[in-house]
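Everything on this sheet refers to the single structure shown next.
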Amino acid sequence: MNSLLAAMAPSCTASSPALASTLPPGAYGSEELFEIESEKIFRSAWMPLCREEQVGEINSYYSIDLLGMALVVTRDRYGEVRVLSRTCRHRWMEIACGSGVAPALQCPYHLWTYAMDGHLVGAPEMQGVEDFCKEEIALQSYRHEIWQGFIFVNLDGQAEPLAPQLSGLDEYLELYDFGGYQTITPTDWGECAWDWKVMVDNFMECYHHMGPHRKSLESEYPAKLSYTDAGGEAFSLMWACQAGGYEATPPFLSPGAAGLPDELRHKLAIFIVYPLLQVVVGPGFMYWLKTLPLGPGRIQLQLDIAMSPAALAAPDLEARQKELIEAIVEIHKEDLDVCAAVQRAISGGAQGQGRLSLLEQPLWEFYQYLGRRLGLATDGLSADSKHVGQDLAMDERAISA
Ligand code: FES
Ligand SMILES: [Fe+2]
């Protein structure tokens, strides 16, 4: 393991995007590395579970498995959101599955019943059992935080509060009326045979628009017009910019918030809140990837699609929803094909580390994040180097304009 971490260190400590390389292939499927990631990243960071509107009603619940742990997000009768274990306090049966609204969560094994705040409220045939006090029994509860409508869990309870780390991102999102975006549909992509880092690598660059998306995205959102914005230790942000001559049309770019500056009507924000919240936002829509790590080289993948308040209020909603979902699903399939192929090559013994284009600056930022979490680097992002990719991309746009 030490040799793999040592091999990762140069990529995770490269001092600028112009010096960036990929991680070594061995980082995408190592059992030992996954154990370290589970402890130093997944259990100690803020992990996204669902959106607030997915537990919008009193007594609603939403089940999700994370790192083998059966969790349920609930909204109790006072309107409070909770993140609870789904493991029964009697003999460990799962007390719920799926999502919905119910007066309580009842274990199907011996019918112990839990209120949505996690407390045991019913346990049949337990009279005569000594020292059994149901008021003292509750499902295990986990620390959560809600940011911009996303419900996150921090499993080890030790993470720094999330919202203050994302204030730089809030400034952009406010302009979109982002807090009011509503999920219109989840899409489930099942178990996928690639590492969570392959998914992040793919998501956080538009360089590949000219490859797998050459027919779907490259003309309107050319790779070379994408650029990385100022991020932070907790997030990275980039933009996919519309080429000249295109209108800001539905379903991606319109309709949007009334006060949205014209510039933002012609581009898409792509951001990651480390390690796993991956979001694309436009004036009319957003979608996010729920990448649930199952093990080295394996994830459970969902993609949830939402629309902006303006898009939800505009005429012909049904037709625009259909168009939005179809477009995202088609583009996403193009991404999944390359992710699967990359992991196959890695599993087949791929060697060597590739150099990164400046269009892939967010990958350099991602590896810096990994370096900090895995103890390979102690420095934060250098303010000077943060802007190198952006400046170069802007220069290029100025030249091509
Ligand atoms: S295991 Fe849940 S009631 Fe027995
Ligand atoms: Fe893509």
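All ligand and atom numbering here is 1-based and tracks the order in the structure. We use all heavy atoms of the structure for the numbers below, so side chains are in, but hydrogens, waters and symmetry mates are not.
Near Tyr109, with a cut-off below 4.0 Å to any heavy atom, the atoms of ligand 1 are 1 (S), 4 (Fe). Proximity to Met93 (heavy-atom distance under 4.0 Å) selects the following atoms of ligand 1: 1 (S). Of all the atoms in ligand 1, the ones that sit under 4.0 Å from a non-hydrogen atom of Trp112 are 3 (S).
The protein heavy-atom contact nearest to atom 1 (S) of ligand 1 is Arg91 N, 3.2 Å.
Judged by distance alone, the side chains of Asp195 and Gln343 never bring a donor and an acceptor atom under 3.5 Å apart. In the model, Tyr274 has a side-chain atom that pairs as donor or acceptor with a side-chain atom of Ser236 under 3.5 Å. Inspection of the Gln54 and Thr183 side chains reveals no N or O donor paired with an N or O acceptor under 3.5 Å.
Among the backbone and side-chain atoms of Cys88, no N/O/S atom is found under 2.8 Å from atom 4 (Fe) of ligand 1. At least one N, O or S atom of Cys107, from either the backbone or the side chain, sits less than 2.8 Å from atom 2 (Fe) of ligand 1. Inclusion of Cys206 in the first shell of the Fe ion (ligand 2) is not supported: no N, O or S atom falls under 2.8 Å. In summary, an N, O or S atom of His110 is located under 2.8 Å from atom 4 (Fe) of ligand 1. Not one N/O/S atom of His332, from backbone or side chain, sits under 2.8 Å from the Fe ion (ligand 2). Inclusion of Asp335 in the first shell of the Fe ion (ligand 2) is supported: an N, O or S atom falls under 2.8 Å.
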*For Thr22 and Gln353, run side-chain hydrogen bond (donor to acceptor under 3.5 Å, both in side chains): C-alpha distance rounded to whole Å, both residues' side-chain angles, the deciding distance at 0.1 Å, then the answer.*
CA-CA 5 Å; Thr22 68; Gln353 291 168 251; 4.8 Å; no
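In His90, the N, O or S atom that comes nearest to atom 4 (Fe) of ligand 1 is ND1. The minimum distance between the Fe ion (ligand 2) and any N, O or S atom of His208 involves atom NE2.
Residues Phe252 and Val280 are not in side-chain contact: their nearest non-hydrogen atoms beyond the backbone lie 4.5 Å or more apart.
You'll find the ring centres of Trp288 and Tyr181 outside the 6.0 Å limit. Centroid-to-centroid, the aromatic rings of Trp112 and Phe132 come within less than 6.0 Å.
Residue Leu292 forms a side chain to side chain contact (heavy atoms under 4.5 Å, CB included) with just one option from Ile299, Ile64, Leu67, and that option is Ile64.
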